[in-house]
Amino acid sequence: MTTPHTAASTPPPTDPHAPDPPTTGVAAPAHTGSSATRTLGLVTLAAMALLVFLAFVASPRDQVQGDLVRLLYIHPALAWTAYLACGVATTASIWHLVKKTPGSDVLAHSAVEVGAVLTALTLATGSIWGRPTWGVYWVWDARLTSTALLFLLLLGYLALHRIDAAPEVRSRRAAVVGVLLVPNVVLVHQSVEWWRTLHQDPTLARRDFDFATSDLFMFTLVYSVVVMSLVFTWLLIHRFRVGWLALQAEELWLDTAIEARRAEGAGTTEPAETTRTEPPRSEGGLP
Amino acid sequence: MEPVIHFRSAVSLLGRFPALAGVDLEVDPGEIVLLRGPNGAGKSTLLKVCSGLLPVAAGTARVLGVDLTEDRHSIRPRVGLLGHATFLYDELTVADNVEFWARAARADLDDAHHAMDRLGLAGRLRDVRVARLSAGQRRRVAIAVLLSRRPELWLLDEPHAGLDADGRDLLDGLVVEAARAGATVLFASHELDRALSVAHRVVTIAGGVITTDEPITGATGPTAHTVGRPDDVVDVGRPDDVA
Amino acid sequence: MWRDALLVAGKDLRIERRSRVAVNQILPVALAMLMLFGFALDPDSPVLARATPGLFWVVVLFVTVLAVERSFSLESADGVRDALRLSGLHPGGIFLGKFAALAAQLAALQVVLGFGVVVLFGRDLAGYPLLLATLVAATAGIAAAGTLYGVLAAGLRVRETLLPLLLLPVLAPVLIAATRAFETALDGVPSDGWPWFNLLAVFALIYTGFGILAFGSLLEDS
Amino acid sequence: MSGDMTYILAGWGVTLATLGVFALSLAVRGRRLSRMVPAERRRWTS
């Protein structure tokens, strides 16, 4: 069953969050949902259901593509969101290099992670579409090739963000790769496209298929892009919140670590009259 | 007169570890301050923060009149850090190394050659690759680099480690000389006997905070007679302008 | 900045002159790779001749990874990274210096590799202007990207594995463009190859410019 | 309907399943982290 359950995991508003009594007295739900994103999730679910209906039931077979046209209601939309994710990642990375705010790094990292999933799906659906259309899973088509390289670039970013280093170090280095993401994609795309157009045998001309363009086809195509953008937005928001929470958890830990460090200092002081222990300070820690 | 080092509740992180957990420290110009404390207390971190190498995460920290939370760059050429690492390229010769770092700091090459001379590096060792040197000889090269930069603030991390007796005497002499010429010295050492004979003040750090801070008592300040050293050290007291 | 660049480049080249790692280790690796390609692709068939430009640049890319690692292992020794920060050298100057030294070494390697290709693969060289222009532009691009990603990976425990992952996909356009330019220079109409040269030049400019800007903040963190 | 339908269902199935699993993993990660962070730091939660 292909029911989209993109937002199915959005917790219900009355979540009892039973297993976490030790959090502070405020009865905030322990998850990353908010009423706005719950609404967004429900809208996305409904829109996705409608897309499935349009793609499989309402829209006709294409004269050239046959039923395969139904894959086009998802593949270009995925590719669009993958590129959108790159754009977000690069913008956020520039922002991070200029302003050095932790949030911009979380945003860039989130966009790259979501983008990597979407790029992988773009490649998968592209290959699945290519098998019946071209007879092979992979052709050195310009778009497919440059998307594959984009996937590798995203993996590089994620690997760099996973290094064992101070958060600022990690963020700064990742941001440099993030800034270069879009220029790299452009360069890769340009080179691959020239390469394939200068050397290509004409079989791929079939890529520019000749649709018996029904209105419904065009509508579904555009609509799929809208739906996938909604999915992307939902994923990005939640991924951002997860990253933000991880950052907060790290800072909380840091506060306690500083306390522990001070206690260590107090505990190992010199004995008796030479000692002038620092008074405990209420402020301090991270701004 | 503004202190050379002025820290209030300064916190510094090594990765995710709060190596300095709120340091309060003031050092005046011309002072020689001994920093002591157990391993892992934060001595090296404090020295690196003073040099502008490590960032200050919270609190206030001013060195040579510059706020380190805003600008860690402009003080760097004015500070000399002698760390555990000697900052040398193994494949280059002694002269190559000293000249490279002196040029990088826009120091006078004559100063560099003079410094090599004073540390006994001008002769046979001059064209030896640093990789072939002993630990003590490497440290001498590092001291020569430091000297050629003519820093206003000397930050020495276990400077005696690896040096032979001559080298230690030489270093102590250089430190006292520099302080007399107006430079400020903050140094971490476990060699208390030796260090106390040079320092004006002892600061203890433990668990990333300063726990004790007291002047070295005694009529003339440093008790210069404890080690055989040139007599130029004997009459060194605390500078007059120290409050 | 230029003065600092010269100082750093001179230092790197002096280290190479004294240690001869590029000459005695990296260059033989490159030649070994050429030999291996000869074994893998039958030298008597036209395949090897046709594939020569691509093989040449593949070798250059892999050698670049080695050279970049070497270049930054110099700076990771004995606290030198800290010393560079404290030295007062202009970060953009350090970048340009490392870049220039790397480019010079890569260019020298490529010349030797070129002889290797002529001798081992029996290729005649032709279309010199394009060949040389491609060599210069591609080397500049590779060295700039290599320096930038080298400092990105420097000082990390995983740098040996991280560097190729970051660098090789980024250098893919250089591989494509330089290979096609060489193909047109050797076998085709050389004038067709100039768009590829332009692409290489754009690549080199982007990475050099961004490297000068970003190097300071990358050097800053430990 | 032809053999093409296999590919079509595979394409849609892979996409929706992956997106679903990813969304689920985000929710799980968010819940786990939420327990470690006091409410006043979770600005968005309503």
Side-chain angles (χ1 to χ4, degrees), chain A residues 2-11 17 19-20 22-37 41 48 52 55-56 66-68 70-71 73-75 78 114 117-118 120-121 124-125 128-129 131-132 231 234-235 237-239 241-242 244-246 248-249 251-253, chain D:
Chain A
T2 56
T3 306
H5 42 298
T6 342
S9 45
T10 313
H17 60 95
D20 52 337
T23 41
T24 45
V26 191
H31 51 67
T32 47
S34 62
S35 56
T37 52
M48 184 59 96
V52 171
F56 282 90
D67 277 324
L68 282 175
R70 304 190 197 286
L71 269 178
Y73 298 136
I74 195 153
H75 173 69
L78 282 169
V114 175
V117 171
L118 293 169
L121 285 176
T125 51
I128 289 171
W129 181 78
R131 182 67 174 74
V231 172
W234 190 93
L235 289 174
I237 290 175
H238 281 253
R239 178 62 187 80
R241 288 173 178 176
V242 167
W244 183 258
L245 283 174
Q248 302 303 317
E251 277 184 14
L252 281 176
W253 180 87
Chain D
M1 295 285 160
S2 59
D4 287 351
M5 216 53 202
T6 323
Y7 294 108
I8 295 164
L9 289 179
W12 277 85
V14 165
T15 304
L16 295 179
T18 308
L19 290 179
V21 168
F22 184 56
L24 207 64
S25 84
L26 284 185
V28 170
R29 280 149 84 185
R31 275 165 185 258
R32 213 185 50 223
L33 284 165
S34 291
R35 291 196 194 110
M36 300 157 71
V37 177
E40 65 269 17
R41 293 213 186 193
R42 288 181 263 133
R43 294 188 206 158
W44 56 84
T45 34
S46 51

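None of these values were measured; they are calculated from a predicted model. In the text below, chain A, chain B and the rest are named by the order of the sequence lines, each starting its count at 1.
In this structure, chain A has a heavy atom under 4.5 Å from the side chain of D:T18, while its backbone stays farther away. For a residue to count as touching a neighbouring chain, one of its non-hydrogen atoms must lie under 4.5 Å from one of that chain's; by this rule A:L121 touches chain D with the side chain only. Interface residue A:A55: only side-chain heavy atoms are found under 4.5 Å from chain D. Of the two parts of A:I237, neither the backbone nor the side chain holds a non-hydrogen atom closer than 4.5 Å to a non-hydrogen atom of chain D.
The heavy-atom pair separating D:T15 from A:I74 by the smallest distance is CG2-CD1, 3.4 Å.
Looking at D:W12, its side chain never comes within 3.5 Å of a backbone N or O of A:V52 through a donor-acceptor pair.
Annotation: salt bridge (Lys or Arg N to Asp or Glu O under 4.0 Å) contacts involving residues 8-30 of chain D, sequence neighbours excluded, comprise A:E113-D:R29.
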Taking it one step at a time, do A:L235 and D:L19 satisfy side-chain contact (heavy atoms from CB on, under 4.5 Å)? CA-CA 9 Å; A:L235 289 174; D:L19 290 179; 4.0 Å; yes

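If you tally non-hydrogen atom pairs under 4.5 Å between each of D:A10, D:G11, D:S25 and chain A, the highest count goes to D:G11.
In this structure, the side chain to side chain donor-acceptor pair (under 3.5 Å) partners of A:T125, at least two apart in sequence or on a different chain, are A:H75.
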